[in-house]
Amino acid sequence: AIKSIIKGDIVHITNVIYNLLDNAIKYSKENLTIEVETKIIGNKFLLTVKDNGIGISSENIKNIFDKFYRVPTGNLHNVKGFGLGLYYVKLIIEEHKGTIEVVSSINKGTTFSINLSI
């Protein structure tokens with residue numbers, strides 16, 4: 001997107017973007033790549049955050065926006081958290097009358113797509 005104005009809470013929208021970037025870093029492997037893209041499609045602002053991290057299985061992806069849900073990692077506890085980040089992200093996007101979608105594959109990465117009205 002070259003230039004667009006989103007009506008929303010700057011603190012919360014900033015936190016949403018920070019959370020998605022932070023998760024991409026925390027759940028990455030070596031040679032991390034993060035792509036952030038913005039587009040205007042009709043009267044919608046589209047933000048995508050794509051990484052080449054560890055990915056999320058299809059059985060876990062349906063729960064990632066649930067409050068307190070954390071993707072099981074077996075006995076590995078190298079990433080700390082409370083399972084609130086993506087719950088918060090979805091809540092904020094929905095409060096702004098937007099949508100969020102996720103596509104992921106194990107060992108190939110994850111893409112989050114946010115649509116907001118402009």
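FYI, the numbering just counts along the sequence from 1. Both backbone and side-chain heavy atoms feed into the values below; hydrogens, waters and symmetry mates do not.
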Quiz item: More than 12 non-hydrogen atoms from neighbouring residues, nucleotides or ligands closer than 6.0 Å to CD1 on Ile5, yes or no?
Solution: no

Quiz item: Is the number of heavy atoms from other residues, nucleotides or ligands under 6.0 Å of Lys29 NZ greater than 12?
Solution: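 Buried by this count: over 12 neighbours within 6.0 Å.
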
Exercise. Examine the side chains of Tyr27 and Asp51 and answer whether a donor and an acceptor come within less than 3.5 Å of each other.
Key: no

How many angstroms lie between [atom1] in [X] and [atom2] in [Y], if you round to the nearest 0.5 Å?
X	Y	atom1	atom2	value
Tyr87	Ile92	OH	CD1	9.5 Å
Ile100	Ile93	CD1	CD1	6.0 Å
Asn107	Ile54	CG	CD1	8.0 Å
Lys50	Thr33	NZ	OG1	10.0 Å
Lys90	Glu101	NZ	CD	10.5 Å
Asn115	Lys97	CG	NZ	15.5 Å

Quiz prompt | Aromatic plane relationship, His12 with Tyr88 - under 30° parallel, 30 to 60° tilted, over 60° perpendicular | solution = tilted

Are any of the side-chain heavy atoms of [X] and [Y] separated by less than 4.5 Å?
X	Y	result
Leu21	Ile34	yes
Phe112	Ile64	yes
Leu47	Ile17	yes
Thr111	Val102	no
Phe45	Thr38	yes

Exercise. Take Lys44 and Leu116 through the test side-chain contact (heavy atoms from CB on, under 4.5 Å) and record every step on the way to the result.
Key: CA-CA 5 Å; Lys44 298 286 184 183; Leu116 295 168; over 6 Å; no

Quiz item: Between Ile6 and Ile13, is a side-chain contact (heavy atoms from CB on, under 4.5 Å) present by the stated rule, with each step listed?
Solution: CA-CA 10 Å; Ile6 301 168; Ile13 296 296; 5.5 Å; no

Are [Y] and [X] connected into the same hydrophobic cluster when the rule is that any two of I, L, V, M, F, W, Y join if their side-chain heavy atoms are below 4.5 Å apart?
X	Y	result
Val103	Leu46	no
Tyr18	Phe65	no
Leu86	Ile106	no

Quiz prompt | Chi angles and distances behind the side-chain contact (heavy atoms from CB on, under 4.5 Å) call for Ile40, Ile118 | solution = CA-CA 9 Å; Ile40 302 295; Ile118 54 174; 3.8 Å; yes

Quiz item: Looking at Gly55 and Thr110, what are the two nearest heavy atoms and their distance?
Solution: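 Heavy atoms of Gly55 and Thr110 come nearest at CA-OG1, 3.6 Å.
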
Tell me whether [X] contacts the main-chain N or O of [Y] through its side chain, where contact means a donor paired with an acceptor under 3.5 Å.
X	Y	value
Ser105	Lys108	no
His96	Leu91	no
Ser104	Gly109	yes

Quiz item: Taking it one step at a time, do Leu32 and Asn52 satisfy side-chain contact (heavy atoms from CB on, under 4.5 Å)?
Solution: CA-CA 6 Å; Leu32 170 66; Asn52 66 337; 3.6 Å; yes

